[in-house]
*Asks:* 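Starting off with a structure, shown below.
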Amino acid sequence: MAQASACIDVPVSADIVWQLIGGFNSLPDWLPYIPKSETTEGGRVRHVANPNGETIVERLEKFDNAARSYSYSIIQAPFPITDYLATISVHQKAGESGCLVEWSGIFIAKGVSGSEASKLFQGIFEDGLKALAARFAPSR
C-alpha cells in the first residue's frame, strides 16, 4: 500500500473550519480543484468534477461530526490507484484558538510506482489544505 498525508495549521477554531469542510458535498466551497459536486444515494456518494471535466466518484465510508472527521473511498477516478481510503479531520489545538487540519490516504498504485501515486496525492492534499488555510488568512 502507498500513502500520502498532509496537515496545516489554520488560525481559527476547529468548529469554524469544520462548518466549512465537514459536509461531504462541500468540496467546491473550499477546494479550487473541485468546482462542482453532486450527491446521490442519500448523500453518501458524491460525483465531483475536476477542472478538466473528469468525473471522480467517492463514497462516504465513515462520518463523525463530534470528532470532526470523515473517511471516503474512491469508486471511479482518472487516477492510477485502487483501494483508496482517505480521511479528513480537524483538531482543535489545546489552549489555542487555532486548529490542525489533516488529510491522509492509503491506496494501491495501478500502472505507476507507489512513490509516483503517493506524490500525486501528496500534491492534491497539500494544495487543497493550502487553499483552505488561505480562506482563513488575515486580510492585509
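All values reported here derive from a predicted model rather than from experimental measurement.
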*Asks:* Is there a path of hydrophobic side-chain contacts, each under 4.5 Å between heavy atoms, that joins Leu100 and Ile88?
*Replies:*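 No, Leu100 does not connect to Ile88 through the hydrophobic network.
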
*Asks:* If every non-hydrogen atom of Ala133 is compared with every non-hydrogen atom of Ile8, which pair is closest and at what distance?
*Replies:*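 Between these two residues, the closest heavy atoms are CB-CD1, 3.7 Å.
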
*Asks:* Hey, could you give me the OG/CD1 distance between Ser118 and Ile106, rounded to the nearest 0.5 Å?
*Replies:*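 Output value for this atom pair is 11.0 Å.
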
*Asks:* What are the two closest non-hydrogen atoms of Phe136 and Val12, and how far apart are they?
*Replies:*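 Nearest heavy atoms, Phe136 then Val12: CD2-CG2, 3.7 Å.
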
*Asks:* Could you check Arg68 against Ile21 for side-chain contact (heavy atoms from CB on, under 4.5 Å), going step by step and ending with a plain yes or no?
*Replies:* CA-CA 9 Å; Arg68 294 182 293 263; Ile21 74 171; over 6 Å; no

*Asks:* Kindly indicate, with the supporting measurements, whether the criterion side-chain hydrogen bond (donor to acceptor under 3.5 Å, both in side chains) is fulfilled by Ser115 and Ser113.
*Replies:* CA-CA 5 Å; Ser115 63; Ser113 70; 3.1 Å; yes

*Asks:* How would you list, by chain and number, every residue that makes a side-chain contact (heavy atoms from CB on, under 4.5 Å) with Lys93, sequence neighbours excluded?
*Replies:*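 By the side-chain contact (heavy atoms from CB on, under 4.5 Å) rule, Lys93 matches Asp9, Glu96.
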
*Asks:* For Ile56 and Gln76: C-alpha separation, side-chain torsions, deciding distance, then whether side-chain contact (heavy atoms from CB on, under 4.5 Å) applies.
*Replies:* CA-CA 6 Å; Ile56 302 161; Gln76 171 193 331; over 6 Å; no

*Asks:* Has the side chain of Gln92 got a donor or acceptor atom that lies under 3.5 Å from a matching backbone atom of Gly98?
*Replies:*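 Yes; judged by distance alone, with no hydrogens or angles, the pair exists.
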
*Asks:* Using only atom types and a distance under 3.5 Å, with no angle test, would you say the side chain of Ser26 pairs donor to acceptor with the backbone of Leu20?
*Replies:*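 At least one qualifying donor-acceptor pair exists.
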
*Asks:* Using a side-chain heavy atom cutoff under 4.5 Å and only I, L, V, M, F, W and Y, what cluster partners does Ile75 have?
*Replies:*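 Via sub-4.5 Å side-chain contacts, Ile75 links to Val45, Val57.
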
*Asks:* My understanding is that only residues two or more places apart in sequence, or in another chain, count here; which of them pass side-chain contact (heavy atoms from CB on, under 4.5 Å) with Ser37?
*Replies:*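 Partners of Ser37 under the side-chain contact (heavy atoms from CB on, under 4.5 Å) test: Asn25, Pro28, Arg46, Val48.
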
*Asks:* Quick one, Val90 with Val10, criterion side-chain contact (heavy atoms from CB on, under 4.5 Å). Give me CA distance, side-chain angles, the key distance, then yes/no.
*Replies:* CA-CA 10 Å; Val90 183; Val10 181; over 6 Å; no

*Asks:* To the nearest 0.5 Å, what is the distance between CD on Gln122 and CG on Leu120?
*Replies:*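 That separation rounds to 10.5 Å.
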
*Asks:* Measure across Val112 and Glu116 and return the closest heavy-atom pair with its distance rounded to 0.1 Å.
*Replies:*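 Result for this residue pair: CB-OE1, 3.5 Å.
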
*Asks:* Going by side-chain hydrogen bond (donor to acceptor under 3.5 Å, both in side chains), name the pairs with one or both residues in residues 127-138, residues two or more places apart or in two chains.
*Replies:*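 side-chain hydrogen bond (donor to acceptor under 3.5 Å, both in side chains) check on residues 127-138 returns no pairs.
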
*Asks:* Rounded at 0.5 Å granularity, tell me how far CG in Leu60 sits from CD in Glu41.
*Replies:*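 Result: 11.0 Å between the selected atoms.
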
*Asks:* About how many Å separate CD1 of Ile74 and CD1 of Ile81, when rounded to the nearest 0.5 Å?
*Replies:*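 Between Ile81 CD1 and Ile74 CD1, I get 4.0 Å after rounding to 0.5 Å.
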
*Asks:* May I ask you to check whether Phe79 and Tyr84 place their ring centres under 6.0 Å from each other?
*Replies:*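 Here the rings of Phe79 and Tyr84 have centres that are no less than 6.0 Å from each other.
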
*Asks:* Take a 6.0 Å sphere around CD of Glu54 and say whether it holds more than 12 heavy atoms from other residues, nucleotides or ligands.
*Replies:*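 Atom CD in Glu54 is packed in, count exceeds 12.
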
*Asks:* For the residue pair Thr55 and Pro78, what are the closest heavy atoms and their distance?
*Replies:*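 Closest approach of Thr55 to Pro78, heavy atoms only: O-CD, 3.9 Å.
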
*Asks:* To the nearest 0.5 Å, what is the distance between OG (Ser71) and CD (Glu61)?
*Replies:*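 The CD atom of Glu61 is 8.0 Å from OG of Ser71, to the nearest 0.5 Å.
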
*Asks:* To the nearest 0.5 Å, what is the distance between CH2 on Trp103 and CG on Leu31?
*Replies:*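 Interatomic distance, Trp103 CH2 to Leu31 CG, rounded to 0.5 Å: 5.0 Å.
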
*Asks:* Apply ring-ring contact (aromatic ring centres under 6.0 Å, His included) to Tyr33 and list each qualifying residue two or more places apart in sequence or on a separate chain.
*Replies:*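 For Tyr33, no residue satisfies ring-ring contact (aromatic ring centres under 6.0 Å, His included) once neighbours in sequence are set aside.
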
*Asks:* Answer yes or no: is there a donor N or O on one side and an acceptor on the other, between the side chain of Asn50 and the main chain of Asn52, under 3.5 Å?
*Replies:*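 The answer is yes, because a donor-acceptor pair under 3.5 Å joins these two groups.
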
*Asks:* If every non-hydrogen atom of Leu27 is compared with every non-hydrogen atom of Tyr70, which pair is closest and at what distance?
*Replies:*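 Answer, listing the atom of Leu27 first, then Tyr70: CD2-OH, 4.4 Å.
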
*Asks:* What residues form a salt bridge (charged side-chain N to carboxylate O under 4.0 Å, His left out) with Lys36, not counting sequence neighbours?
*Replies:*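 Listed in chain order: Glu38.
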
*Asks:* What heavy-atom pair brings Ala117 and Pro80 nearest, and what distance separates the two atoms?
*Replies:*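 Between these two residues, the closest heavy atoms are CB-O, 4.4 Å.
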
*Asks:* Under 6.0 Å between the ring centres of Phe24 and Phe63?
*Replies:*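 No.
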
